[in-house]
Amino acid sequence: MLPFRKSLQRWLLERLPLQRAGRLGQKRIYLLPTRFGLLLLLVALAVWVGALNYAVSLAYALAFWIIGLMLVAVLMAYRQLSGLSWTVLPGEGVFVGQHADCRIRLDNDSALARRLQLRAGQEGEPLSCLLAAGSSQSLALPLLLARRGRHAYPALQLWSTAPFGLMRAFAWLRPDGHVLAYPLPVPDRERNDLHSEQGSGRQSGDDEEDFSHLAEYRQGDTPRQIAWSVLARRDVLVSKRFASQPRGQSIRQLAWQDYPATVDVESRLSRLCWRVQQCEKAGQHYRLHLPGVLIEPQPQQRELALAALAEFQLPS
């Protein structure tokens with residue numbers, strides 16, 4: 001991209017606010033001729049000059065017909081984007097080195113079918129979209145995450161050259177969304193076999209008093225944990241979960257302090273990430289300890305634990 005175009009694009013994006021949803025209007029839509037449109041304008045200019053020199057009426061008619069076609073193309077291209085609504089959808093986290101999906105929904109509440117294209121920035125691979133009248137469609141743009149942490153959605157370019165391919169109507173969007181890059185899991189089997197604690201000293205009635213929620217049945221759950229009443233009413237096998245685990249069931253401790261000071265931050269996080277994954281696969285209850293953060297057994301614990309690892313920063 002030319003330096004001038006980069007500067008112009010940067011200036012344009014700085015003027016746009018971050019938004020979770022929006023609707024395109026005349027202040028956000030820009031129009032430029034395509035290469036074919038520029039060529040046709042040059043042809044019209046050449047025909048008009050020839051008509052001046054040779055006083056050919058048909059040449060005048062052809063030149064003005066081409067100009068009229070270009071004006072109609074301006075209106076039709078503008079209508080492809082005008083009134084289009086868009087909404088940012090939450091993206092799912094992935095591990096470092098993988099592609100995350102930047103998701104956005106386009107809503108067409110008009111009676112006009114729209115042929116659109118969308119891409120991230122100037123260099124991304126464009127996605128084509130045909131929006132029928134009164135319909136919606138979700139699009140996912142891949143974003144490579146090369147480092148751990150929170151990544152903002154990139155600026156998106158939405159455009160259309162329909163129906164004639166002579167004019168290009170385009171708009172820039174600054175979606176207020178993000179995706180998380182989790183640490184890349186690194187096997188740590190040695191410590192994965194250690195640091196589990198057994199519940200002790202609990203009375204038989206403690207389980208009911210510490211009831212937390214219902215969750216999908218996992219292999220290894222005891223008959224005492226199965227919600228029999230739910231099974232009888234809905235024919236769905238679910239298990240009861242507890243804020244404190246039932247007597248005899250272990251809670252694996254995944255702690256920052258499991259590693260010596262010689263192990264760097266990213267290595268610790270990657271190994272803890274692998275141990276979280278192993279606990280989830282085995283249906284093992286676990287507790288994640290990070291400086292200033294404690295993730296107890298609870299609903300959606302995997303997502304909370306991985307998000308904590310992804311966004312972790314050592315206290316200053």
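We're numbering straight along the sequence, starting at 1.
The nearest pair of heavy atoms linking Gln117 to Ser128 is NE2-OG, 3.4 Å. The nearest pair of heavy atoms linking Pro90 to Arg103 is O-NH1, 3.0 Å. Of all heavy-atom pairs between Ser160 and Leu116, the closest is CB-CD2, 4.1 Å. The two residues Ile66 and Ala44 come nearest to each other via the heavy atoms CG2-CB, 3.6 Å. Of all heavy-atom pairs spanning Ala77 and Leu31, the tightest one is CB-CD2, 4.1 Å. The heavy-atom pair separating Leu106 from Cys129 by the smallest distance is CD1-SG, 4.4 Å.
Residues Pro291 and Phe312 are in side-chain contact: their nearest non-hydrogen atoms beyond the backbone lie under 4.5 Å apart. Side-chain contact check for Leu173 versus Leu24: some heavy-atom pair is nearer than 4.5 Å. Counting only heavy atoms from C-beta outward, the side chains of Trp256 and Val293 never approach each other to under 4.5 Å. In this structure, Tyr259 and Asp188 have side chains that are in contact, with non-hydrogen atoms separated by less than 4.5 Å. Counting heavy atoms from C-beta on, the side chains of Leu52 and Tyr60 come closer than 4.5 Å. Between Leu156 and Pro175, some side-chain heavy-atom pair lies under the 4.5 Å cut-off. Looking only at side-chain heavy atoms (C-beta outward), Phe170 and Leu32 come within less than 4.5 Å of each other.
Val96 and Leu145 fall into different hydrophobic clusters, where Ile, Leu, Val, Met, Phe, Trp and Tyr side chains are chained together by heavy-atom contacts under 4.5 Å. There is a path of hydrophobic side-chain contacts, each under 4.5 Å, that joins Tyr78 to Met70. A single hydrophobic cluster is not seen to contain both Leu112 and Met76; linkage of ILVMFWY side chains at heavy-atom distances under 4.5 Å, directly or through other members, places them apart.
Without hydrogens or angle criteria, Ser270 side chain to Glu266 main chain gives a donor-acceptor distance under 3.5 Å. Of the possible donor and acceptor atoms, one in the side chain of Arg20 sits under 3.5 Å from a partner among the backbone N and O of Asp176. Without hydrogens or angle criteria, Thr161 side chain to Met167 main chain gives no donor-acceptor distance under 3.5 Å. Under a 3.5 Å cut-off, the side chain of Arg79 and the backbone N or O of Arg114 do not form any donor-acceptor pair. Not a single donor-acceptor pair under 3.5 Å links the side chain of Arg115 to the backbone N or O of Ala162.
For His289 and Gln253, the side-chain atoms include at least one donor-acceptor pair closer than 3.5 Å. Of the N and O atoms on the side chains of Arg23 and Ser85, at least one donor lies less than 3.5 Å from an acceptor on the other residue. Checked by atom type, the side-chain pair Asp107/Ser136 shows a donor-acceptor distance below 3.5 Å.
Between the CZ atom in Arg148 and the CG atom in Leu309 there is a gap of 8.5 Å [rounded to 0.5 Å].
Other residues, nucleotides and ligands place more than 12 heavy atoms under 6.0 Å from the CZ atom of Arg28. Applying the 6.0 Å contact sphere to CD of Glu92 captures no more than 12 heavy atoms from other residues, nucleotides or ligands. Around CG of Leu58, the count of heavy atoms belonging to other residues, nucleotides or ligands within 6.0 Å does not exceed 12. Counting non-hydrogen atoms of other residues, nucleotides and ligands closer than 6.0 Å to CH2 of Trp48 gives a total of 12 or fewer.
In this structure, Phe95 and Tyr182 have perpendicular ring planes: the angle between them is above 60°, well past the 30° mark.
Among Glu296, Arg302, Glu280, the single residue meeting the side-chain hydrogen bond (donor to acceptor under 3.5 Å, both in side chains) criterion with Tyr286 is Glu280.
Ion pairing of Asp258 with Arg275 is present here, as a side-chain N (NZ or NE/NH1/NH2) and a carboxylate O approach within less than 4.0 Å.
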